[in-house]
Number of protein chains: 2
Amino acid sequence: MPWDLKSDRPIYTQLVEQIKLMVFSGTYPPGSKLPSVRDMAQEAAVNPNTMQRALAKLEEDGLIITHRTSGRSITEDASMIELAKTKLAQDQIFEFLEKMRLMGFDQKEILTIITTMAKELK
Amino acid sequence: MPWDLKSDRPIYTQLVEQIKLMVFSGTYPPGSKLPSVRDMAQEAAVNPNTMQRALAKLEEDGLIITHRTSGRSITEDASMIELAKTKLAQDQIFEFLEKMRLMGFDQKEILTIITTMAKELK
DNA sequence: ATTATTGTATTAAGCGCTTAATACAATAAT
DNA sequence: ATTATTGTATTAAGCGCTTAATACAATAAT
């Protein structure tokens with residue numbers, strides 16, 4: 001099942017984002033083992049080099065740990081994951097509110113629209 | 001004043017987005033004249049070719065009209081602008097809600113977080 | 001001990017984006 | 001009539017991203 005990748009942004013940044021979401025949602029719990037670079041690359045239908053680049057970025061951020069020859073795993077630090085999750089959520093909201101503000105919506109309108117849509121999604 | 005451009009996405013798409021926001025917010029009202037490609041390029045601190053590309057995209061979307069030698073202007077069709085504005089807003093919200101859902105937040109949490117942040121921004 | 005799997009590195013090619021330097025035709029401004 | 005301004009087009013260069021094809025060292029699995 002190839003992942004949902006658009007062409008309007010570098011692929012590796014999208015991989016970083018999607019893997020982050022999987023970590024935050026518990027698809028890959030703290031301490032769990034990740035598939036190999038090659039397997040993940042095939043799963044996402046990208047070149048291993050590109051997946052490698054995404055994983056390297058995640059390691060740089062401290063979310064993932066590399067064990068030289070036995071693959072990679074998610075950090076054991078659950079509170080750190082929780083922190084990163086909260087930060088991502090806040091960044092998303094801030095960016096969204098800022099864009100809506102620039103479009104000329106005021107707070108009241110924004111809240112009305114979002115509650116309506118949230119309910120529609122069941 | 002150079003515009004706020006990041007390096008994680010093509011510049012021309014960011015120009016499209018920012019110009020759209022200016023149209024939606026009324027900075028450039030329906031029917032109003034736009035500065036020349038060269039002027040806008042200098043204002044945003046990008047190459048004229050890049051700005052040209054952004055403007056061509058906006059014209060393709062019908063938001064802007066080109067008058068061969070007397071520059072460009074915003075469409076007179078105010079209702080069409082309003083429609084595009086609403087669509088952009090909904091797309092933003094949908095994308096945001098989807099990302100939050102993938103992170104594992106439920107509706108109630110999302111609404112709590114966003115109302116809190118919206119109030120903080122005054 | 002041998003084999004398979006791990007992350008990692010390198011090289012070459014192709015692609016789109018961006019910039020820079022020009023040039024041109026059409027026409028608005030003078 | 002002349003000049004300046006408009007959008008537009010072209011060419012060349014550089015850059016980062018992505019892929020493909022390999023290769024290697026370390027070590028887990030057998």
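These numbers were taken from a predicted model, which means no experiment stands behind them. Naming convention: chains lettered A, B, ... in sequence-line order (proteins, then strands); numbering from 1 in each chain.
- Using a 4.5 Å heavy-atom cutoff, the side chains of Glu43(B) and Pro35(B) are not in contact.
- Looking only at side-chain heavy atoms (C-beta outward), Val46(A) and Leu5(A) come within less than 4.5 Å of each other.
- Within the 4.0 angstrom heavy-atom criterion, only backbone atoms of the sugar-phosphate kind lie near Arg72(A); the bases stay farther away.
- Residue Arg9(B) contributes atom CZ, which lies 24 Å from atom P of dC15(D) at whole-angstrom precision.
- Using a distance-only test at 3.5 Å, with no hydrogens or angles considered, a donor-acceptor pair links the side chain of Thr115(A) to the main chain of Leu111(A).
- Across all strands, Arg53(A) comes closer than 4.0 Å only to sugar-phosphate atoms, never to a base (heavy-atom distances).
- Leu63(B) is not listed as a side-chain neighbour of Ile74(B), based on a closest heavy-atom distance of 4.5 Å or more.
- At whole-Å resolution of the value, CG in Asn47(A) and C1' in dT22(D) are 12 Å apart.
- In terms of heavy atoms, Ala78(B) sits closest to Pro30(B) at CB-CG, 4.1 Å.
- One can place CD of Gln42(B) at 15 Å from C1' of dT5(D), the figure rounded to the nearest angstrom.
- Atom CG of Asn49(A) is separated from atom P of dA21(D) by 12 Å (rounded to the nearest Å).
- Between Ala54(B) and Leu15(B), the shortest heavy-atom distance links the atoms CB-CB, 3.6 Å.
- For Val46(A), counting side-chain heavy atoms from C-beta on, the closest listed nucleotide (dT19(D), dT19(C), dG7(C)) is dT19(D).
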Under 3.5 Å, N/O pairs linking protein and nucleotides 26-30 of chain D:
{"residue": "dT27(D)", "atom": "O4'", "partner": "Thr69(A)", "partner atom": "OG1", "Å": "2.9"}

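- In DNA chain D, the stems built from three or more successive Watson-Crick or G-U pairs (distances below 3.5 Å) are C:1-30 with D:1-30.
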- request: Given side-chain contact (heavy atoms from CB on, under 4.5 Å), test Thr86(A) with Ile113(B) step by step and report yes or no.
  value: CA-CA 10 Å; Thr86(A) 306; Ile113(B) 298 176; over 6 Å; no

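- The shortest side-chain heavy-atom distance between Val37(B) and Arg72(B) falls under the 4.5 Å cut-off.
- With rounding to whole Å, Asp8(B) atom CG is found 21 Å from dC15(D) atom P.
- Rounded to a whole Å, the CD atom of Gln14(A) is 12 Å from the C1' atom of dC17(D).
- Taking atom CD1 of Ile65(A) as the reference point, atom P of dG7(C) lies 14 Å away to the nearest angstrom.
- Taking the centre and axis of the six-membered ring of Phe96(A), the NZ or CZ atom of Lys99(B) falls outside the cone set by 45° and 6.0 Å.
- Candidate nucleotides dC17(C), dG7(D), dT6(C) were compared by shortest atom distance to the side chain of Arg38(A), and dT6(C) ranks first.
- The interatomic distance linking Met51(B) (CE) with dT6(D) (C1') rounds to 16 Å, in whole Å.
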